[in-house]
There are 2 protein chains.
Amino acid sequence: MIVPTSYRTHPSPLESGLRLDGKRMTPQRKRVLSLFEEIGSGIHLSAEEVHSKLTSSGERVSLATIYRTLKLLVKMTFLNELDLSEGGNRFELLSHDHPDHHHLICIRCGRTEEFENNEVINAGKAAAKNFGFKLLESSLNVRAVCPLCINK
Amino acid sequence: MIVPTSYRTHPSPLESGLRLDGKRMTPQRKRVLSLFEEIGSGIHLSAEEVHSKLTSSGERVSLATIYRTLKLLVKMTFLNELDLSEGGNRFELLSHDHPDHHHLICIRCGRTEEFENNEVINAGKAAAKNFGFKLLESSLNVRAVCPLCINK
DNA sequence: TTCAATGTTGCAAGCAGTTCTCATTACGCT
DNA sequence: AGCGTAATGAGAACTGCTTGCAACATTGAA
């Protein structure tokens with residue numbers, strides 16, 4: 001049995017975060033975030049993919065709103081934006097369980113795997129310290145070709 | 001048939017590299033590469049910047065040719081392509097003295113510093129191997145704020 | 001030196017991803 | 001319920017880059 005969660009709810013983290021800023025809760029925003037929540041962290045969707053997943057399940061959202069919402073959710077730290085930069089940026093649910101993961105990307109099909117590595121994180125920290133920079137984030141992107149795409 | 005040596009210029013690495021592939025030496029290609037050579041390694045130019053530097057010094061080159069030439073020079077390993085992905089890719093002279101450097105970028109002013117770190121390279125290799133991917137390249141981008149921009 | 005073959009160029013059109021404009025809709029405070 | 005204003009949808013515009021094509025230039029051979 002499915003409990004209707006959208007009928008009368010306590011304010012979600014999303015809703016209260018929005019309110020603090022004079023922003024509003026809309027069905028579109030709710031749907032985008034819950035898509036990522038359903039799908040789990042570690043899955044990377046492009047704006048286009050988010051849009052088609054929502055519209056094909058009957059939602060009525062415009063692509064422009066998807067872009068606006070994704071940007072907002074990144075700013076609110078619900079999502080993480082990845083610059084894999086072959087055919088559009090991708091977004092994932094920001095999981096506080098493994099905050100500093102890196103990405104292995106197949107440049108052909110876009111398949112992405114994550115991994116963690118403390119030395120990489122330390123290398124970023126060391127470099128920032130060395131030049132007197134204040135570190136924000138470091139991301140290692142490994143471009144590669146996945147097994148399925150190698151013989152194509 | 002022997003060609004008089006007085007007319008012969010020593011073929012540049014670019015020229016001989018092109019010839020091996022049945023490709024041709026053109027003034028445009030020569031100028032793009034020598035721009036990077038004059039400017040030195042460790043400086044990152046966008047295609048647009050290369051174009052305006054050349055045209056403003058009187059050369060007549062189209063932007064399309066710049067893109068084609070940059071891509072070619074990357075393939076020939078004269079240049080390195082950086083995906084810093086804020087408004088277009090950037091290119092730098094590939095120095096074989098430090099082949100695998102990573103970048104520390106000030107997100108405010110765009111200042112970029114390079115550093116090297118073997119552990120980062122190994123982490124990329126290990127991750128690729130682990131998932132059965134064929135490694136192409138790995139780049140660590142550290143986003144940070146430089147000392148000059150911190151108090152702004 | 002001439003010439004044909006073919007690689008290269010400039011221009012403009014095209015493309016993908018993203019942002020902007022603006023009329024309309026609809027949150028959410030009272 | 002009404003109102004002020006944020007948010008949306010639709011499509012045009014923009015950006016960075018690529019491509020199709022006709023004109024052109026380099027190369028190697030005759």
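Chain letters run A, B, ... following the sequence lines, proteins first and then strands; every chain starts at 1.
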> Could you state the NE2-P distance from H51(A) to dT18(C), rounded to the nearest angstrom?
13 Å
> Please check: side-chain N/O of N117(B) versus main-chain N/O of E119(B), any donor-acceptor pairing under 3.5 Å?
yes
> Just how far, in rounded Å, is P of dA7(D) from CG of L14(A)?
12 Å
> Between atom CG in L70(B) and atom C1' in dC17(D), what is the gap in whole Å?
11 Å
> Go through H44(A) and E114(A) one step at a time and tell me if the side chain to side chain donor-acceptor pair (under 3.5 Å) criterion holds.
CA-CA 10 Å; H44(A) 316 88; E114(A) 299 180 347; 3.0 Å; yes
> Could you run down nucleotides 3-12 of chain C 5' to 3' and tag each one B, S or - for protein heavy-atom contact under 4.0 Å?
--BBBSBBB-
> Quick one: on DNA chain D, does P27(B) or E81(B) contact a more 5' nucleotide (nearest heavy atom)?
E81(B)
> In whole angstrom, what separates N89(B)'s CG from dA16(C)'s P?
18 Å
> Applying side chain to side chain donor-acceptor pair (under 3.5 Å), run through S62(A) and T65(A) and close with a yes or a no.
CA-CA 5 Å; S62(A) 80; T65(A) 296; 3.2 Å; yes
> Is there a side-chain polar atom (N or O) of Y67(B) under 4.0 Å from OP1 or OP2 of dC17(D)?
yes
> Rounded to the nearest 0.5 Å, what separates atom CG in L104(B) from atom SG in C146(B)?
9.0 Å
> Out of curiosity, E15(B) CD to S12(B) OG, how far, rounded to the nearest 0.5 Å?
5.0 Å
> Under the rule for salt bridge (Lys or Arg N to Asp or Glu O under 4.0 Å), what residues qualify as partners of E113(A), not counting sequence neighbours?
R111(A)
